[in-house]
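Down below is the structure, laid out as structure tokens.
Atoms within a ligand are numbered from 1 in the order they appear, just like the ligands themselves.
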Amino acid sequence: MSLSAHKLSWSAGGASILHGVSLGVRPGELLGIIGPNGSGKTSLMSLLAGIRRPQSGEVLLSGQPLHGLARREVARRIALVEQQAETAERITARQAVELGRTPHLGAFSPWSGKDDIIVDQALEEVAMTGLAGRLWHTLSGGERQRLHIARALAQQPEILLLDEPTNHLDIGHQIGLLHLVHRQNLTVVAALHDLNHAAMFCDRVALMQAGRIEAIGPPAEVLTAARIQSVFGVTAEVVRDGTGGCFIRYRHPDLPAPRPGWIAAAS
Ligand SMILES: Nc1ncnc2c1ncn2[C@@H]1O[C@H](COP(=O)(O)OP(=O)(O)OP(=O)(O)O)[C@@H](O)[C@H]1O
């Protein structure tokens with residue numbers, strides 16, 4: 001199952017926000033969308049999910065224009081976990097996850113034992129089985145975030161779109177969640193802020209700046225010290241790990257300027 005964007009342009013509030021964005025996510029791939037605040041990551045995710053329509057360009061789901069598909073069909077095939085996702089307060093954790101089954105239910109396919117099993121598995125995947133009976137408003141931000149992921153997994157989509165999925169999570173749960181997402185047999189697009197997490201888990205990353213894709217490719221190719229400096233304004237050293245991967249070490253802004261050649265050597 002593939003998802004691709006072709007020359008997407010989108011404006012809102014009189015401002016042009018995305019300018020001719022094209023990218024494709026390959027079946028089974030985890031594609032990270034990275035970029036500074038306001039660069040257009042959330043806007044792009046909402047167009048990929050079909051929540052918003054571009055003023056020009058189109059999104060194709062396995063070759064079919066997304067806007068030509070019924071909303072319910074899209075919901076069966078694409079799950080989106082939004083950055084500021086909220087859920088009605090008087091429901092339990094389990095009920096929040098059960099909502100993921102909605103696109104699969106109908107007059108001829110009522111709730112069944114199979115749906116219970118899928119919900120149980122999703123709760124277990126995010127280690128929330130023990131809190132399944134708790135009311136939503138009593139849960140912490142991180143617990144709620146894990147339930148949003150569980151709801152998306154229960155939806156059993158072909159494509160999973162995650163907008164900053166590690167928000168509110170401690171480092172253990174951040175790594176755990178990205179590992180969980182990575183090992184699903186799913187095509188995933190995830191907007192991420194942590195460049196090291198992107199480098200660790202993404203097959204490819206798309207770096208956005210001011211509504212455009214600045215670079216796209218394997219993390220070790222896209223994440224150079226020069227790009228991190230020009231796009232994020234941060235001095236960093238990119239350390240190659242010898243297996244094709246990399247990690248990023250940031251430099252404190254108060255430290256003296258690096259020696260000549262330091263960035264070049266690290267990029
Ligand atoms: N509905 C809207 N009306 C006006 N401006 C908007 C609207 N939605 C987004 N924008 C603007 O578009 C730009 C891109 O926003 P977007 O949320 O896509 O960025 P982002 O990369 O996800 O940012 P962040 O990392 O802060 O979440 C921002 O300048 C934002 O203020």
Legend entry - Carboxylate-amine/guanidinium proximity below 4.0 Å for R101 and D116: no
Inset, instruction - Mark the output for M45 as yes if a heavy-atom distance to ligand 1 is under 4.0 Å, and as no if none is. - result: no
Inset, instruction - Using protein heavy atoms only, decide if any is under 4.0 Å from atom 30 (C) of ligand 1. - result: no
Inset, instruction - Quick one: look at P36 and ligand 1, take heavy-atom pairs under 4.0 Å, and tell me if it's side chain, backbone, both or neither. - result: backbone
Inset, instruction - Measure across S230 and Q209 and return the closest heavy-atom pair with its distance rounded to 0.1 Å. - result: O-NE2, 3.8 Å
Inset, instruction - Consider every N or O of G40 and every N or O of ligand 1, then say whether any pair is closer than 3.5 Å. - result: yes
Inset, instruction - To the nearest 0.5 angstrom, please state how far the OG atom of S43 sits from the CZ atom of R52. - result: 5.5 Å
Inset, instruction - Return a yes/no value for N37: is any of its N or O atoms, backbone included, closer than 3.5 angstrom to an N or O of ligand 1? - result: yes
Inset, instruction - Name the closest protein heavy atom to atom 8 (N) of ligand 1, giving the residue it belongs to and the distance to 0.1 Å. - result: W10 CH2, 3.9 Å
Inset, instruction - Would you mind checking which non-hydrogen protein atom is closest to atom 16 (P) of ligand 1, with the distance to 0.1 Å? - result: S43 OG, 3.7 Å
Inset, instruction - Give me the one residue out of V21, L44, I17 that meets side-chain contact (heavy atoms from CB on, under 4.5 Å) with W10. - result: I17
Inset, instruction - For a side chain to side chain donor-acceptor pair (under 3.5 Å) with T235, tell me which candidate from R249, Q229, H252 qualifies. - result: Q229
Inset, instruction - Report the member of G14, A12, G38 with the shortest heavy-atom distance to atom 28 (C) of ligand 1. - result: G38
Legend entry - Numbering as shown, the atoms of ligand 1 that approach Q83 to under 4.0 Å (heavy-atom distance): 27 (O)
Inset, instruction - Could you walk me through whether R144 and H148 pass the side chain to side chain donor-acceptor pair (under 3.5 Å) test, one step at a time? - result: CA-CA 6 Å; R144 290 181 194 192; H148 284 305; over 6 Å; no
Legend entry - Interatomic spacing from CD1 in I159 to CG in L80 - rounded to 0.5 Å: 12.5 Å
Legend entry - Proximity to ligand 1 by part of I17, non-hydrogen separation under 4.0 Å: side chain
Legend entry - NZ/NE/NH1/NH2 to OD/OE distance under 4.0 Å, R146 and E143: no
Inset, instruction - May I ask whether G35 has any heavy atom positioned less than 4.0 angstrom from an atom of ligand 1? - result: no
Inset, instruction - Please identify which atoms of ligand 1 are closer than 4.0 Å to at least one heavy atom of K41. - result: 18 (O), 19 (O), 20 (P), 21 (O), 22 (O), 23 (O), 24 (P), 25 (O)
Inset, instruction - Heavy-atom distances under 4.0 Å are what count here, so tell me which part of M208 touches ligand 1: side chain, backbone, both or neither. - result: neither
Legend entry - Interatomic distance, L161 atom CG to M45 atom CE [nearest 0.5 angstrom]: 5.0 Å
Inset, instruction - Kindly check if the number of other-residue, nucleotide or ligand heavy atoms within 6.0 Å of CD (E124) is above 12? - result: no
Inset, instruction - Just jot down the ligand 1 atoms closer than 4.0 angstrom to any heavy atom of E164, in number order. - result: 25 (O), 27 (O)
Legend entry - Sub-3.5 Å N/O-N/O distance, H193 and ligand 1: yes
Inset, instruction - Look at atom 22 (O) of ligand 1 and find which of T42, L18, I34 reaches it with the closest heavy atom. - result: T42
